[in-house]
Amino acid sequence: MKADEITTIHKAVAWSAGPGCHGGCGQKLIVRDGKVVSFEGDEDHPWSQGRSCPRVLAMTQYMYHPDRITTPLKRVGERGEGKFAPIGWDEAYDICASRLGEIRDRYGAEAVVFGQGTGRDAGGPVSFLAYSYGSPNWCQLGLSGQSCYTPRLGSMKATVGDFCIMDASQFLPERYESPEYTVPKVILVWAQNPVTNCPDAFFGHWVVDCMKRGSQIIAVEPRQTWMTGRSKLHLQIRPGTDAALALAMLHVIIGEGLYDREFVSKWVHGFDQLKERVRDFTPDHAAQITWADKDKIVAAARMYAQAKPAAIHWGVPIDMCPDGTSTAHAIIALWSITGNIDIPGGNVIARPSHGVSSYPYTTEELIDLYGTELVDKLSEKRIGADRYPMVRNFRGWAHPDMAIDQIASGKPYPIKGLWLQTCNPLGGQAARTRFHYEAMRKMDFVAVVDLFHTPTTMALADVVLPAATFAEKENIRSWWAPLSVNTPAVKVGECKSDWEINIELARRLNPEVGKKYSNVVDLFNDRLKVSGMTFNQLAENGGWQMPPDGPFKPYRRHERGLLRRDGQPGFNTPSGKVELYSTAFESWDLDPLPHYKEPAQSPVNTPELAAKYPLIMISGTRSPLFFHSEHRQIPWLREHMPDPLVDIHPETAKEYGIHHGEWVYIENDLGKVRRKANVTPTIHRRMINTMHGWWMPEEDGAEPNLFGVWKYQVNQLIPGPQDSDSGFGGGQYKTTLVRLARIKE
Ligand SMILES: Nc1nc2c(c(=O)[nH]1)N[C@H]1C(S)=C(S)[C@@H](COP(=O)(O)OP(=O)(O)OC[C@H]3O[C@@H](n4cnc5c(=O)[nH]c(N)nc54)[C@H](O)[C@@H]3O)O[C@H]1N2
Ligand SMILES: Nc1nc2c(c(=O)[nH]1)N[C@H]1C(S)=C(S)[C@@H](COP(=O)(O)OP(=O)(O)OC[C@H]3O[C@@H](n4cnc5c(=O)[nH]c(N)nc54)[C@H](O)[C@@H]3O)O[C@H]1N2
Ligand SMILES: [Mo]
């Protein structure tokens with residue numbers, strides 16, 4: 001047989017292991033002899049229209065990497081020694097079920113924390129396992145202040161009653177050409193690097209597509225980037241001061257009467273209080289705080305407010321502001337008072353496609369899936385629910401900073417076990433990495449589900465379970481559109497999907513689960529019921545469906561009575577209006593109006609510390625080559641960036657006597673890490689910029705080296721715990737004070 005006769009093309013939607021991300025682009029997998037030999041962007045997919053990223057293009061090297069874990073493993077040496085032996089799945093499930101069962105019998109199910117990483121395929125299966133086992137303690141363990149999307153989501157839930165996203169026509173199958181769509185005249189790109197990162201179910205190339213169709217850009221960004229170079233206005237602000245800028249923009253827009261009077265009078269609750277709140281927040285005042293030019297602040301406010309439609313696209317540094325929820329609140333007020341909500345080319349409401357829940361974000365969704373009784377009962381013991389009403393009432397996650405404190409102290413009740421899936425807390429998720437490491441090492445039992453060994457598997461795991469990539473499994477995705485399913489193109493070793501692993505283990509830990517589901521497709525069909533389709537129907541119809549007109553598709557749903565459970569017109573809030581004076585925040589004992597809070601460490605807040613450590617470190621700026629701590633072992637990716645870099649302004653480099661390309665330390669009171677100097681004018685002279693997630697898969701993985709994590713992992717320098725008012729926000733990943741030092745040896 002000729003080679004091309006046995007070549008098949010399998011279509012799949014990429015999210016979870018492989019590229020790592022939660023993007024959801026359409027891909028064609030070229031399969032030959034039971035192996036995927038290459039990946040190509042699927043031009044028929046409405047979201048990605050044939051595009052791909054470096055990580056997908058290098059995915060054959062990821063799937064078939066010699067270091068990939070392809071069987072379950074059990075630890076045979078001491079914890080940290082790096083000695084593991086392959087075992088069968090039955091033995092692996094038996095070990096997990098009996099060890100987790102023992103902990104539950106002795107200490108209660110809450111004594112196990114279920115930790116996940118970002119997006120991917122994590123939230124669905126991890127919450128399912130935690131709830132089936134009976135533990136309320138599920139979170140992104142180590143992610144200080146849950147400073148990734150949760151603060152923004154919480155603030156949108158509290159004010160709009162729904163989640164909003166920039167409209168790049170992503171809910172319409174014909175995209176930009178659709179007669180329903182209007183391209184935004186102005187896009188305010190705020191604390192995001194969309195072209196590189198494609199974050200949060202939004203593709204960066206959509207911004208570029210809009211720019212080609214006329215959108216002008218305002219960028220709020222401390223660095224100079226591809227995007228700032230193409231923007232009309234660039235506000236180069238000091239990290240963590242975004243709320244001050246937003247409040248001053250509100251001051252200008254309200255003071256100059258540039259807001260949408262009709263929308264405000266009909267659909268905004270609390271405009272007068274907001275007006276009062278921003279009265280003294282002048283551009284002068286904000287310029288002092290943010291280091292941005294006063295005239296530019298005024299110009300940005302006018303340019304945004306005078307264009308319609310205009311959209312705001314925002315990123316994770318907003319969550320990492322000292323009060324992430326409040327910063328988000330101020331920005332929500334901008335798109336609300338200008339009437340740029342729920343309209344074409346503005347910020348539109350995004351709901352899980354077809355109402356299907358593949359990853360429950362809110363307490364509301366958890367109740368829909370697991371019932372009020374169980375969710376309420378579990379909320380009683382959830383770590384942080386006592387202290388933070390939003391932990392109890394908005395998002396069914398334990399509080400990560402309090403969780404690690406409790407893991408360390410055993411108070412108010414002991415934590416004895418960890419289930420870590422799709423996360424690498426020691427490799428990049430956790431702030432105060434050393435503290436996390438010391439605390440987690442004391443656990444009685446730790447299971448990790450991953451595809452590769454990492455500093456986390458090496459230092460902690462008793463059992464490692466091998467996960468499948470998106471090319472090797474069934475899964476579903478409803479975040480935000482289209483509703484998608486994947487079927488496996490191939491199998492690699494004994495790897496299983498996260499859903500399959502968790503359902504099988506849940507069946508052993510909870511007999512009710514066994515009665516309900518015998519396999520993953522049973523569960524997917526249960527979740528898909530509200531869509532009127534089954535898993536197989538979706539799979540046979542090309543794998544995805546765009547949302548039909550109705551509650552899951554824009555526009556003007558607030559006018560059409562499509563947003564509220566009571567079917568009345570209005571937004572999904574108690575008053576039916578966008579609550580810029582938030583009754584939800586008020587009921588949670590939080591400031592009902594947006595405010596500014598200075599970063600915990602800063603030249604203003606801690607001048608003595610700033611004298612010792614004068615540079616503000618932005619950490620975790622993404623590269624398209626890597627996803628967080630992943631992909632350092634993939635040759636095609638690593639060759640483009642073999643070493644971890646630090647961006648230093650030429651004048652700053654001169655001050656320290658540092659030359660381009662030399663190895664240096666970044667240091668503060670928490671420790672020091674190594675970086676190669678990248679001397680560049682793209683960074684502000686009082687800041688440095690570096691990526692997180694660095695460890696060296698090629699180095700010794702056993703203790704004490706742990707793949708060099710203590711030499712390179714910048715999160716050791718990031719302090720904690722967060723101290724935001726809501727509990728959401730304040731991870732100090734973008735505002736750490738540091739200094740540089742030359743390496744003398
Ligand atoms: N300094 C600094 N630190 C940061 C940030 C920052 O900006 N600065 N950002 C923070 C943010 S926003 C986030 S969301 C966190 C993310 O932190 P994490 O989500 O923990 O990210 P990773 O380090 O990539 O760890 C993911 C691990 O899961 C494995 N994996 C990948 N896909 C799958 C899968 O489908 N199934 C399973 N079972 N395993 C999989 C990978 O091999 C990897 O070991 O990092 C945070 N850390
Ligand atoms: N390739 C790749 N893609 C990814 C990821 C990855 O690891 N790799 N991670 C995914 C995840 S989990 C997330 S959360 C997203 C994050 O993606 P983004 O939300 O884009 O976040 P960052 O890259 O951390 O920062 C975005 C920009 O904000 C600037 N910035 C830093 N601090 C501040 C600040 O305080 N204020 C303002 N206004 N700007 C600031 C940075 O210089 C940077 O250019 O990306 C996702 N996509
Ligand atoms: Mo994130």
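As the structure lists them, so they are numbered: ligands from 1, and atoms in each ligand from 1.
Of the listed residues (Gly693, Ser629, Cys21), the one carrying the non-hydrogen atom nearest atom 22 (P) of ligand 1 is Ser629. Comparing heavy-atom distances from atom 10 (C) of ligand 1 across Thr150, Leu143, Leu141, Thr454 singles out Leu143 as nearest. Nearest to atom 27 (C) of ligand 2 by heavy-atom distance, out of Glu221, Met691, Arg238, is Glu221. For atom 17 (O) of ligand 1, the candidate residues are His631, Lys473, Gln429; the nearest heavy-atom contact is made by Gln429. Distances from atom 42 (O) of ligand 1 to the heavy atoms of Val126, Asp450, Leu420, Thr456 put Asp450 nearest. Counting only non-hydrogen atoms, the option in Ile501, Thr118, Asp121 that gets closest to atom 19 (O) of ligand 1 is Thr118. For atom 26 (C) of ligand 1, the choice among Gln633, Arg120, His453 with the nearest heavy atom turns out to be Arg120.
Checked against a 3.5 angstrom limit, the closest N/O atoms of Ser619 and ligand 1 fall inside it. For ligand 1, none of its N or O atoms has an N or O atom of Tyr62 under 3.5 Å away. Backbone and side-chain nitrogen or oxygen atoms of Gly428 are examined, and one is located within less than 3.5 angstrom of a nitrogen or oxygen of ligand 1. At under 3.5 Å, a nitrogen or oxygen of Lys734, whether backbone or side chain, sits near a nitrogen or oxygen of ligand 2. Residue Gly240 has at least one nitrogen or oxygen atom sitting less than 3.5 Å from a nitrogen or oxygen atom of ligand 2, judged on distance alone. Taking distance alone, with nitrogen or oxygen atoms compared against 3.5 Å, Asn193 approaches ligand 2 more closely than that limit. Considering backbone and side-chain atoms together, Tyr733 places no N or O closer than 3.5 Å to any N or O of ligand 1. Note: no N/O pair closer than 3.5 Å links Trp314 and ligand 2 by distance alone.
Residue contacts with ligand 1 for Gln116 are absent, since no atom lies close enough (heavy atoms, distance under 4.0 Å). Residue Val449 touches ligand 1 through backbone and side chain together, judged by heavy-atom distances below 4.0 Å. Of the heavy atoms in Tyr149, none comes closer than 4.0 Å to ligand 2. The part of Ile718 lying near ligand 1 is the side chain, judged by heavy-atom distances below 4.0 Å. When heavy-atom distances to ligand 2 are checked against a 4.0 Å cut-off, Asp242 comes that close only through its side chain, counted from C-beta outward. For Ile618, every heavy-atom contact with ligand 2 shorter than 4.0 Å involves the side chain, none the backbone. Contacts of Met320 with ligand 2, taken as heavy-atom pairs under 4.0 Å, are absent altogether. For Ile237, every heavy-atom contact with ligand 2 shorter than 4.0 Å involves the side chain, none the backbone.
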_Set out, in order, the CA-CA distance, both residues' side-chain angles and the distance that settles side chain to side chain donor-acceptor pair (under 3.5 Å) for Gln27 and Ser52, then state yes or no._
CA-CA 8 Å; Gln27 295 296 328; Ser52 212; 3.1 Å; yes
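Nearest protein neighbour of atom 45 (O) of ligand 2, counting heavy atoms only, is Pro199 CB, 3.5 Å. Here the heavy atom of the protein found nearest to atom 20 (O) of ligand 1 is Asn424 N, 3.0 Å. Closest to atom 14 (S) of ligand 2, if we only count protein heavy atoms, is Cys148 SG, 3.3 Å. Given atom 36 (N) of ligand 1, the protein heavy atom at minimum distance is Asp498 OD2, 2.8 Å. Looking from atom 4 (C) of ligand 1 to the surrounding protein, the closest heavy atom is His692 CD2, 3.2 Å. In terms of protein heavy-atom proximity, atom 12 (S) of ligand 2 is closest to His628 NE2, 3.0 Å. The nearest protein atom to atom 34 (C) of ligand 1, hydrogens excluded, is given as Thr422 CG2, 3.4 Å; this is a heavy-atom distance. The protein heavy-atom contact nearest to atom 9 (N) of ligand 1 is Arg622 NH2, 3.2 Å. The shortest contact between atom 3 (N) of ligand 1 and any protein heavy atom is with Asn715 ND2, 3.1 Å. The nearest heavy-atom contact from the protein to atom 47 (N) of ligand 2 is Asn197 O, 2.7 Å. Shortest contact from atom 35 (O) of ligand 1 to any protein heavy atom: Ala17 N, 3.0 Å. In terms of protein heavy atoms, atom 40 (C) of ligand 2 is closest to Pro222 CD, 3.3 Å. The shortest contact between atom 8 (N) of ligand 2 and any protein heavy atom is with Phe626 O, 2.8 Å. For atom 25 (O) of ligand 2, the nearest non-hydrogen atom of the protein is Pro317 CG, 3.6 Å. In terms of protein heavy atoms, atom 30 (N) of ligand 1 is closest to Leu451 CD1, 3.8 Å.
For Lys491, the NZ atom counts as densely surrounded, since its 6.0 Å shell holds more than 12 non-hydrogen atoms of other residues, nucleotides or ligands. Crowding of Lys597 atom NZ: a count of heavy atoms from other residues, nucleotides or ligands under 6.0 Å exceeding 12.
Between the side chains of Thr690 and Arg675, at least one donor-acceptor pair of N or O atoms lies under 3.5 Å. Judged by distance alone, the side chains of Asp242 and Trp190 do bring a donor and an acceptor atom under 3.5 Å apart. A side-chain N or O of Tyr361 and one of Trp479 form a donor-acceptor pair less than 3.5 Å apart. At a cut-off of 3.5 Å, with distance as the only test, no side-chain donor of Asn715 or Thr433 sits close to an acceptor on the other residue. Using modelled atom types and a 3.5 Å distance limit, the side chains of Asn486 and Glu474 yield no donor-acceptor pair. Side-chain contact check for His649 and His684: no donor-acceptor pair (N or O, by modelled atom type) lies under 3.5 Å.
Remark: Glu598 engages Arg238 in a salt bridge, criterion side-chain N to carboxylate O under 4.0 Å.
Assignment of Phe452 to the shell around ligand 1 is not supported, since no heavy atom sits closer than 4.0 Å. Ligand 2 does not have Cys53 within reach: every non-hydrogen atom of the residue lies 4.0 Å or more from it. Ligand 2 has Arg55 within reach: a non-hydrogen atom of the residue lies less than 4.0 Å from it.
Contact atoms of ligand 2 toward Pro239: 34 (C), 35 (O) (distance under 4.0 Å to a heavy atom of the residue). In summary, the atoms of ligand 2 found under 4.0 Å from a heavy atom of Ser623, numbered by their order in the structure, are 1 (N), 2 (C), 8 (N). Listed by atom number, the atoms of ligand 2 under 4.0 Å from Val316 heavy atoms are 14 (S), 16 (C), 19 (O), 21 (O), 24 (O).
Under the 4.5 Å side-chain criterion, counting only non-hydrogen atoms from C-beta, Met641 is in contact with Ser623. Val485 has its side chain out of reach of Phe524: every pair of non-hydrogen atoms, C-beta onward, lies at least 4.5 Å apart. Between His22 and Phe627 the shortest side-chain heavy-atom distance falls below 4.5 Å. Between Glu472 and Lys496 the shortest side-chain heavy-atom distance does not fall below 4.5 Å.
The side-chain tip of Lys473 does not point at the ring of Trp499 from less than 6.0 angstrom away and within 45° of straight on.
Contact detail for Arg477 and Ala201: the closest heavy-atom pair is NH2-CB, 3.8 Å.
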